[in-house]
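Notes follow the structure.
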Amino acid sequence: PTETPASTNGKKQPPVILCIGMAGSGKTTFMQRINAHLHAKKTPPYVVNLDPAVGNLPFTANIDVRDTVNYKEVMKQYNLGPNGGILTSLNLFTTKFDQVLDLIAKRADSVSHILVDTPGQIEIFTWSASGSIITDTLASTYPTVIAYIIDTPRTTAPATFMSNMLYACSILYKTKLPFILVFNKTDVVSHEFAVEWMTDFEKFQEALSHDTTYMSSLMNSMSLVLDEFYSHLKVVGVSAVTGNGVEDFFAAVDEAAVEYER
Ligand code: GTP
């Protein structure tokens, strides 16, 4: 390809929303929801799918890793298991990421956002060289924000909540990008408990004291670490199924994109 990289003619670049989340958190449903929301507002996004193993995408991707690599073939060819196959597919795709950037750049002036869906097995993206290369190259051209999707009903136990927050924390410090915690499935369980735990340290300590799953002294020290982490992020509650909270999410993206530009 001969196109120049993303336009730098003074125009504002569209924000990249990198969707990351544990398997089953509702990442794909969330992507479908925000994609539909932007289309309904007549401000369509550019959509990139980086999950080589997704069976059925409920939205149209402008760029789909599956058009370039077949992870089942990769598994056979390199004699790998499913995770190795997905990781190797992502690595192969990343070698062509300059072409992806060129394609995005061609459309950057006419789209509102660039939505990026990542592999269902979160660590394949967050702890791989390809994940870092993709994240860093996008972030060097576009205001890039991480949307970390959380399965709210499955994170109501204090110990589980803490583990999930520590994982999110590790991603924040690794990427150093603006970070939005998206509590999904609020049609099933409201995320109010999470907001309370994140803003009132004593309430969380009290909840922890009833949770005997982990060593409480370790948990207490870890929760102090998280206090610092919370001050660096935005929190929204959404339901990817009903669409509740999606406006709040986009407001958080706008704020985060401003932060990025500072
Ligand atoms: P992987 O492909 O394994 O990464 O899953 P994912 O994170 O992409 O999740 P997916 O969108 O496939 O959703 C997982 C399950 O959660 C599905 O059964 C969805 O219908 C359900 N789900 C997703 N979002 C919501 C929500 O807001 N509310 C409810 N009630 N269910 C949801």
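Ligands are counted one by one from 1 in listed order, and the atoms in each one are counted from 1 as well. Note that the coordinates shown come from a computational prediction; the quantities given were computed from them, not determined experimentally.
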**OP:** Verify whether the ring centers belonging to His113 and Phe250 lie closer than 6.0 Å.
**Re:** yes
Original post:
Does any N/O atom on Lys27 come nearer than 3.5 Å to any N/O atom on ligand 1?
Top reply: yes
**OP:** Dump the intermediate steps for salt bridge (Lys or Arg N to Asp or Glu O under 4.0 Å) on Lys203 and Glu206, then the final yes or no.
**Re:** CA-CA 5 Å; Lys203 287 261 167 59; Glu206 193 197 316; over 6 Å; no
Original post:
Does Ser25 use its side chain to pair, donor to acceptor, with the backbone of Ile150 at less than 3.5 Å?
Top reply: no
Original post:
Quick one: does Thr29's side chain get under 4.5 Å of Pro58's, heavy atoms only?
Top reply: no
**OP:** Could you tell me the residue and atom name of the protein heavy atom closest to atom 4 (O) of ligand 1, and the distance to it rounded to 0.1 Å?
**Re:** Gly120 CA, 3.2 Å
Original post:
Going by distance only, is there an N or O of Val238 that falls short of 3.5 Å from an N or O of ligand 1?
Top reply: no
Original post:
Quick one: does Gly21 get within less than 4.0 Å of ligand 1, heavy atoms only?
Top reply: no
**OP:** Go through ligand 1 atom by atom and flag the ones less than 4.0 Å from a non-hydrogen atom of Val188.
**Re:** 30 (N)
**OP:** Please confirm whether Met22 comes under 4.0 Å of ligand 1, counting heavy atoms of the residue only.
**Re:** yes
**OP:** Can you label the angle between the Phe229 ring and the Tyr173 ring as parallel, tilted or perpendicular, going by 30° and 60°?
**Re:** tilted
Original post:
Does the protein put any heavy atom within less than 4.0 Å of atom 11 (O) of ligand 1?
Top reply: yes
Subject >> Nearest neighbour in protein (non-hydrogen) for atom 20 (O) of ligand 1 >> reply: Thr29 OG1, 4.5 Å
Original post:
Between Phe93 and Ile63, is a side chain to side chain contact (heavy atoms under 4.5 Å, CB included) present by the stated rule, with each step listed?
Top reply: CA-CA 11 Å; Phe93 184 73; Ile63 297 178; 4.0 Å; yes
Original post:
At what distance is the nearest protein heavy atom to atom 24 (N) of ligand 1, and which residue and atom is it?
Top reply: Asn184 ND2, 3.1 Å
**OP:** Indicate the atoms forming the closest heavy-atom contact of Thr60 with Val47, along with that distance.
**Re:** O-CB, 3.8 Å
Original post:
Considering only protein heavy atoms, which is closest to atom 1 (P) of ligand 1, and at what distance to one decimal place?
Top reply: Gly24 N, 3.8 Å
**OP:** Determine, counting only non-hydrogen atoms of the protein, whether one lies under 4.0 angstrom from atom 17 (C) of ligand 1.
**Re:** no
Original post:
Can you tell me if CG on Asp67 sees more than 12 non-hydrogen neighbours from other groups inside 6.0 Å?
Top reply: yes
Original post:
Which of the atoms of ligand 1 are close to Asp187, meaning less than 4.0 Å from one of its heavy atoms?
Top reply: 26 (C), 27 (O), 28 (N), 29 (C), 30 (N)
Subject >> Main-chain N/O of Ala240 paired with Asn184 side-chain donor or acceptor, under 3.5 Å >> reply: yes
Original post:
What is the nearest protein non-hydrogen atom to atom 15 (C) of ligand 1, stated with its residue, atom name and distance?
Top reply: Lys185 NZ, 3.9 Å
**OP:** Please report the shortest heavy-atom distance between Thr242 and Arg33, naming the atom on each side.
**Re:** C-NH2, 3.6 Å
Subject >> ligand 1 N/O within reach of Gly26 N/O, cut-off under 3.5 Å >> reply: yes
**OP:** Do me a favour and list the nearest non-hydrogen protein atom to atom 27 (O) of ligand 1 with residue, atom name and distance?
**Re:** Ala240 N, 2.8 Å
Subject >> Numbered atoms and elements of ligand 1 in range of Thr28, under 4.0 angstrom, heavy atoms >> reply: 6 (P), 8 (O), 11 (O)
